[in-house]
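Shown below is the structure under consideration.
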Amino acid sequence: IAAVVDYTLILGVMVGLGLLFSQSLRDLSRQPSWGVALFFIIQFVLITFYHLLFELAWNGQTPGKRRLGLRVVQADGLPLTPSSALIRNLVRLFDFFPVCYGVGMIALFITPHTQRLGDLAARTLVIREKPRLTLKTVREDYQVNYKLISRHMPLPPTIDVSLLDHNDRRDIVNYLNRREELGHNRHHLSRLLSQRIAQRMNLDAALMPRSDNNAEIFLEHTARAFEIAEHRDATSEDVLSTPDTD
């Protein structure tokens, strides 16, 4: 898919150049061969150096690789070096033989780490990157699709997440976001999880959720309490970090 994205971009540029040069060749009726030669030289440079220039500028990524979360690195895991980038992209020309990336595709399937000839020559690998962990991605990862409560509903006074930790929150969010996939185990798991969380909150036995529906409502209230506490902490940090102008 990354290759399709890259070669679609290349094709778009080539079509644009073709239209540009077709217009120019009308004015070069006396020496059209120079215009044609220049057009094919630019095409050759574009196809040959597109990947090289992007991988050098973007640390092993082209637009297609960046879109798919891929990156070229050295075989030992270190960042791509200019010499390795040059080698792997010059050998790319041989990967196209005999047609349609034939040699390159064969190499990809028979090498243990899915390497084409250019990767073997340059000792490089194409890896899938894990997304960088940021505060924004962490918050998005904890988002819950509430089905039984509203975000505007007041929380029961018995819900207190101060005694819970991020592992408890992760268990709750995982259950709530996957409950539709659990089938007949859904209600059994909701009761077990809600009882464990209630015990962690030191709730009295009389206040623990009993029915399946109440168990899920309790878990949604707890997830919402985590969100409110997180928002309150973030607001407090913003207030503390605001400079005093007096």
Side-chain angles (χ1 to χ4, degrees), residues 1-2 4-5 8 58-71 126-246:
I1 298 175
V4 170
V5 173
T8 299
W58 287 359
N59 191 22
Q61 288 186 310
T62 61
K65 290 184 178 69
R66 177 171 289 191
R67 180 69 180 82
L68 271 294
L70 306 176
R71 188 182 299 275
V126 178
I127 63 170
R128 184 180 299 278
E129 285 192 315
K130 292 183 178 180
R132 293 182 180 180
L133 189 63
T134 63
L135 181 59
K136 180 180 178 181
T137 57
V138 169
R139 288 175 176 172
E140 290 177 350
D141 195 35
Y142 280 123
Q143 286 185 347
V144 174
N145 181 19
Y146 296 103
K147 298 180 180 298
L148 302 175
I149 70 170
S150 168
R151 292 179 181 272
H152 305 291
M153 292 175 58
L155 293 177
T158 54
I159 301 295
D160 180 12
V161 296
S162 61
L163 297 177
L164 306 181
D165 57 28
H166 69 276
N167 291 321
D168 296 317
R169 185 180 185 184
R170 170 52 55 205
D171 290 339
I172 294 170
V173 172
N174 282 343
Y175 170 78
L176 293 176
N177 288 338
R178 296 182 56 198
R179 52 187 153 177
E180 303 294 342
E181 308 169 11
L182 298 176
H184 63 278
N185 291 322
R186 170 177 175 174
H187 299 305
H188 175 67
L189 292 175
S190 69
R191 289 195 301 272
L192 289 179
L193 180 59
S194 62
Q195 290 172 6
R196 178 171 70 82
I197 296 300
Q199 290 173 357
R200 295 264 293 156
M201 290 183 184
N202 292 329
L203 288 182
D204 294 334
L207 299 175
M208 290 189 178
R210 299 297 180 182
S211 67
D212 298 333
N213 191 63
N214 286 340
E216 288 202 356
I217 292 176
F218 171 77
L219 293 175
E220 289 196 2
H221 277 307
T222 305
R224 180 60 183 149
F226 271 114
E227 289 183 353
I228 294 173
E230 181 182 61
H231 177 72
R232 183 172 59 246
D233 292 341
T235 303
S236 300
E237 291 178 1
D238 291 340
V239 171
L240 292 174
S241 62
T242 301
D244 189 354
T245 56
D246 292 337

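For clarity, every value in this text was computed on a predicted model and none was experimentally measured.
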Check: If you round to the nearest 0.5 Å, how far is CG of Asn185 from NE2 of His188?
Finding: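 If we round to the nearest 0.5 Å, His188:NE2 and Asn185:CG are 7.0 Å apart.
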Notebook entry, point to check: Is the shortest side-chain N to carboxylate O distance from Glu181 to Arg186 below 4.0 Å?
Noted result: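 Looking at Glu181 and Arg186, the cut-off is not met.
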Next item on the list: Measure across Arg128 and Leu68 and return the closest heavy-atom pair with its distance rounded to 0.1 Å.
Entry: NH1-O, 3.5 Å
Check: Between atom CD of Glu230 and atom CZ of Arg169, what is the distance when rounded to the nearest 0.5 Å?
Finding: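 If I round to the nearest 0.5 Å, the distance is 4.5 Å.
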Margin query: Tell me if the CZ atom of Arg151 is crowded by more than 12 foreign heavy atoms within 6.0 Å.
Written below: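 More than 12 within 6.0 Å, yes.
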Checklist line | Check against side-chain contact (heavy atoms from CB on, under 4.5 Å), Thr222 and Leu164 | finding: CA-CA 10 Å; Thr222 305; Leu164 306 181; 3.8 Å; yes
Notebook entry, point to check: Does atom CZ of Arg196 have more than 12 heavy-atom neighbours, drawn from other residues, nucleotides or ligands, at distances under 6.0 Å?
Noted result: yes
Note to self: Any donor-acceptor pair under 3.5 Å linking the side-chain atoms of Asp160 with those of Ser162?
What the structure shows: yes
Item checked: Atom pair NE2 (His221) and OG (Ser194), whose distance is rounded to the nearest 0.5 Å -> 12.5 Å
Checklist line | Arg66 side chain to Pro63 backbone, donor-acceptor under 3.5 Å | finding: no
Notebook entry, point to check: What's the verdict on side-chain contact (heavy atoms from CB on, under 4.5 Å) for Arg170 and Val173, showing C-alpha distance, side-chain angles and the deciding distance?
Noted result: CA-CA 5 Å; Arg170 170 52 55 205; Val173 172; 3.8 Å; yes
Next item on the list: Given salt bridge (Lys or Arg N to Asp or Glu O under 4.0 Å), test Glu216 with Lys147 step by step and report yes or no.
Entry: CA-CA 9 Å; Glu216 288 202 356; Lys147 298 180 180 298; over 6 Å; no
Checklist line | CG-CZ distance between Leu148 and Phe218, expressed to the nearest 0.5 angstrom | finding: 14.0 Å
Note to self: Please find the pair of heavy atoms, one from Tyr175 and one from Ser190, that lie closest to each other, and give the distance.
What the structure shows: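 Minimum heavy-atom separation between Tyr175 and Ser190: OH-CB, 3.0 Å.
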Next item on the list: Assess whether side-chain contact (heavy atoms from CB on, under 4.5 Å) is satisfied between Arg200 and Leu163, documenting all intermediate values.
Entry: CA-CA 7 Å; Arg200 295 264 293 156; Leu163 297 177; 5.8 Å; no
Checklist line | Expected output: side-chain Asp168 to main-chain Asp165 donor-acceptor under 3.5 Å | finding: yes
Notebook entry, point to check: Just wondering, do Val144 and Asn177 contact through their side chains at under 4.5 Å, heavy atoms?
Noted result: yes
Notebook entry, point to check: Can you tell me how far the CD1 atom of Ile149 sits from the CD1 atom of Ile217, to the nearest 0.5 Å?
Noted result: 8.5 Å
Note to self: So which atom in Leu219 and which in Leu176 form the shortest heavy-atom distance, rounded to 0.1 Å?
What the structure shows: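 Minimum heavy-atom separation between Leu219 and Leu176: O-CD1, 3.8 Å.
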Notebook entry, point to check: Would a distance-only check, ignoring hydrogens and angles, find a side-chain to backbone donor-acceptor pair under 3.5 Å from Tyr146 to Arg224?
Noted result: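 Yes; at least one donor-acceptor contact below 3.5 Å.
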Checklist line | Least distance between heavy atoms, Thr158 atom then Leu203 atom | finding: O-CD2, 3.5 Å
Next item on the list: Work out which heavy atom in Ala225 is nearest to a heavy atom in Val161; give both atom names and the distance.
Entry: CB-CG1, 3.6 Å
Next item on the list: Measure across Ala2 and Lys65 and return the closest heavy-atom pair with its distance rounded to 0.1 Å.
Entry: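 The answer is CB-N, 3.9 Å.
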Note to self: Any side-chain to backbone donor/acceptor pair from Arg71 onto Trp58? Under 3.5 Å, distance only.
What the structure shows: yes
Next item on the list: Let me see the working for Met208 and Arg191 under side-chain contact (heavy atoms from CB on, under 4.5 Å), right down to the final yes or no.
Entry: CA-CA 10 Å; Met208 290 189 178; Arg191 289 195 301 272; over 6 Å; no
Check: Any side-chain heavy atom of Arg179 sitting closer than 4.5 Å to one from Leu189?
Finding: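 Result no, sub-4.5 Å side-chain heavy-atom pair not found.
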